[in-house]
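All values derive from a computational prediction rather than experimental measurement.
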Amino acid sequence: MNSYSQFHSHSKPLLEVRGISKSYGERTILHDVHFSLFPQKLYALMGPSGSGKTTLLRILLGLEKADSGEIRWNGIPAGNPVDTSHLHISAVFQEDRLCESFSPLENIQMALPKKLPPAALFQEMSRLLPAESLSRPVSTLSGGMKRRTAILRALLCPSDFVILDEPFTGLDEGTKEMVIHYILEKCENRLILFTTHQMEDVSLMGAELLSVRESLQNT
């Protein structure tokens with residue numbers, strides 16, 4: 001992945017990515033990546049498998065260290081790796097990262113900084129999951145149900161920025177549309193960045209597409 005470029009009429013971005021590069025050994029994953037994301041906007045990041053989308057998200061989350069470049073939050077350098085201790089970010093990773101022996105309810109209760117009344121949480125989660133599945137161990141659920149649990153966890157946690165790495169993996173078309181409707185409702189006042197392989201997802205989400213150009217090293 002060589003560069004992302006994004007232009008916007010607002011004057012103050014929430015997140016700025018300036019010249020980020022990342023290599024593993026001889027393989028260049030990201031090279032001189034630039035873009036700015038503005039508050040309360042929805043952005044989609046597209047690119048083929050292996051083009052560095054997940055690596056870039058991991059750098060934004062402070063889970064990877066960039067080889068060069070800078071990340072800024074509200075105009076302030078965020079460090080390398082990014083220090084997220086003062087940031088309100090929630091995420092859905094490519095893998096669901098659930099405690100398999102716990103129920104969906106328990107997985108989400110563990111992640112919430114402030115406990116919701118069980119009845120209210122049950123009702124909210126029932127919008128994306130069958131009620132009978134909420135108290136079962138996650139290990140007994142289908143892949144699509146696990147994915148929806150991970151999405152619920154990210155959206156029900158208070159945050160200013162939501163990162164979704166291929167959130168629709170394993171969802172059929174009807175379920176995906178239901179999940180998209182829920183995401184748009186819950187993220188109305190938050191910055192969203194999600195990755196996808198499909199232009200259809202960008203259209204359904206009503207997202208601004210970050211332009212992507214593959215690096216020569218990945219061709």
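- A single hydrophobic cluster is seen to contain both L112 and V162, as judged by linkage of ILVMFWY side chains at heavy-atom distances under 4.5 Å, directly or through other members.
- Evaluation of the salt bridge (Lys or Arg N to Asp or Glu O under 4.0 Å) rule for E132 yields R136 as partners, not counting sequence neighbours.
- Under a hydrophobic clustering in which Ile, Leu, Val, Met, Phe, Trp and Tyr are joined whenever their side-chain heavy atoms come within less than 4.5 Å, directly or via other members, L105 and L128 fall into the same cluster.
- Rounded to the nearest 0.5 Å, atoms CG (L209) and CG (D201) are 11.5 Å apart.
- Using a distance-only test at 3.5 Å, with no hydrogens or angles considered, no donor-acceptor pair links the side chain of T84 to the main chain of L87.
- Electrostatic pairing of E16 and R72 does not count as a salt bridge here, judged by no charged N lying under 4.0 Å from a carboxylate O.
- Within the structure, salt bridge (Lys or Arg N to Asp or Glu O under 4.0 Å) contacts touching residues 157-168 (residues at least two apart or in different chains) do not occur.
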Show, in sequence, the C-alpha distance, side-chain angles and deciding distance for I163 and F194, and conclude whether the side chain to side chain contact (heavy atoms under 4.5 Å, CB included) test is met.
CA-CA 6 Å; I163 290 176; F194 75 100; over 6 Å; no
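- At least one side-chain heavy atom of L155 sits under 4.5 Å from a side-chain heavy atom of C187.
- The distance from atom CZ of F102 to atom CE of M110, rounded to the nearest 0.5 Å, is 5.0 Å.
- F161 and V82 fall within the same hydrophobic cluster, defined by Ile, Leu, Val, Met, Phe, Trp and Tyr side-chain heavy atoms under 4.5 Å apart, directly or through other members.
- Looking at K114 and P158, their side chains never come closer than 4.5 Å, going by heavy atoms from C-beta outward.
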Kindly determine whether K41 and L37 satisfy side chain to side chain contact (heavy atoms under 4.5 Å, CB included), including the steps that lead there.
CA-CA 8 Å; K41 298 295 179 182; L37 303 182; over 6 Å; no
Quick one, R148 with L171, criterion side chain to side chain contact (heavy atoms under 4.5 Å, CB included). Give me CA distance, side-chain angles, the key distance, then yes/no.
CA-CA 9 Å; R148 280 175 273 168; L171 303 183; 4.3 Å; yes
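- When only modelled atom types and interatomic distance are considered, R190 and S159 share a side-chain donor-acceptor pair under 3.5 Å.
- Atom NE2 of H197 has more than 12 neighbouring heavy atoms from other residues, nucleotides or ligands inside a 6.0 Å radius.
- The two residues L141 and P104 have their closest heavy-atom pair at CD1-CG, 3.5 Å.
- Remark: side-chain polar atoms of K53 are not paired, donor with acceptor, to backbone N or O of L45 under 3.5 angstrom.
- A pairwise comparison of heavy atoms in H31 and T28 identifies CB-CG2, 4.0 Å as the closest pair.
- M205 and F35 fall into different hydrophobic clusters, where Ile, Leu, Val, Met, Phe, Trp and Tyr side chains are chained together by heavy-atom contacts under 4.5 Å.
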Could you walk me through whether L116 and I108 satisfy the side chain to side chain contact (heavy atoms under 4.5 Å, CB included) test, starting with their C-alpha distance in whole Å, then the side-chain angles of each, then the deciding distance to 0.1 Å, before giving a yes or no?
CA-CA 10 Å; L116 291 177; I108 291 178; over 6 Å; no
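- The line from CD1 of I29 to OG of S21 is 11.5 Å long, rounded to the nearest 0.5 Å.
- A distance of 7.5 Å separates CG in L60 from CD1 in I89, rounded to the nearest 0.5 Å.
- Note that CD1 of I151 and CD1 of I183 are 5.0 Å apart. Values are rounded to the nearest 0.5 Å.
- Put simply, the residue from M178, K176, E177 that forms a side-chain contact (heavy atoms from CB on, under 4.5 Å) with I180 is K176.
- Linking Ile, Leu, Val, Met, Phe, Trp and Tyr residues whenever their side-chain heavy atoms come within less than 4.5 Å leaves F168 and F93 in two separate clusters.
- Counting heavy atoms from C-beta outward, V92 and R147 have side chains that approach closer than 4.5 Å.
- Heavy-atom minimum distance, P130 versus S133: O-OG, 2.7 Å.
- Nearest heavy-atom pair, S126 versus L134, reported as atom, atom and distance to 0.1 Å: OG-CD1, 3.5 Å.
- Closest non-hydrogen pair, G69 versus I20, comes out as C-CD1, 3.7 Å.
- Checked by atom type and distance alone, the side chain of N74 never pairs as donor or acceptor with a backbone atom of I76 at under 3.5 Å.
- Each salt bridge (Lys or Arg N to Asp or Glu O under 4.0 Å) pair with one or both residues in residues 121-131, not counting sequence neighbours, appears once here: E124-R127, E124-K186, R127-E185.
- Distance check: D96 CG to T169 OG1 gives 9.0 Å after rounding to the nearest 0.5 Å.
- Here the side chain of Y43 pairs a donor or acceptor atom with the backbone of F38 at under 3.5 angstrom.
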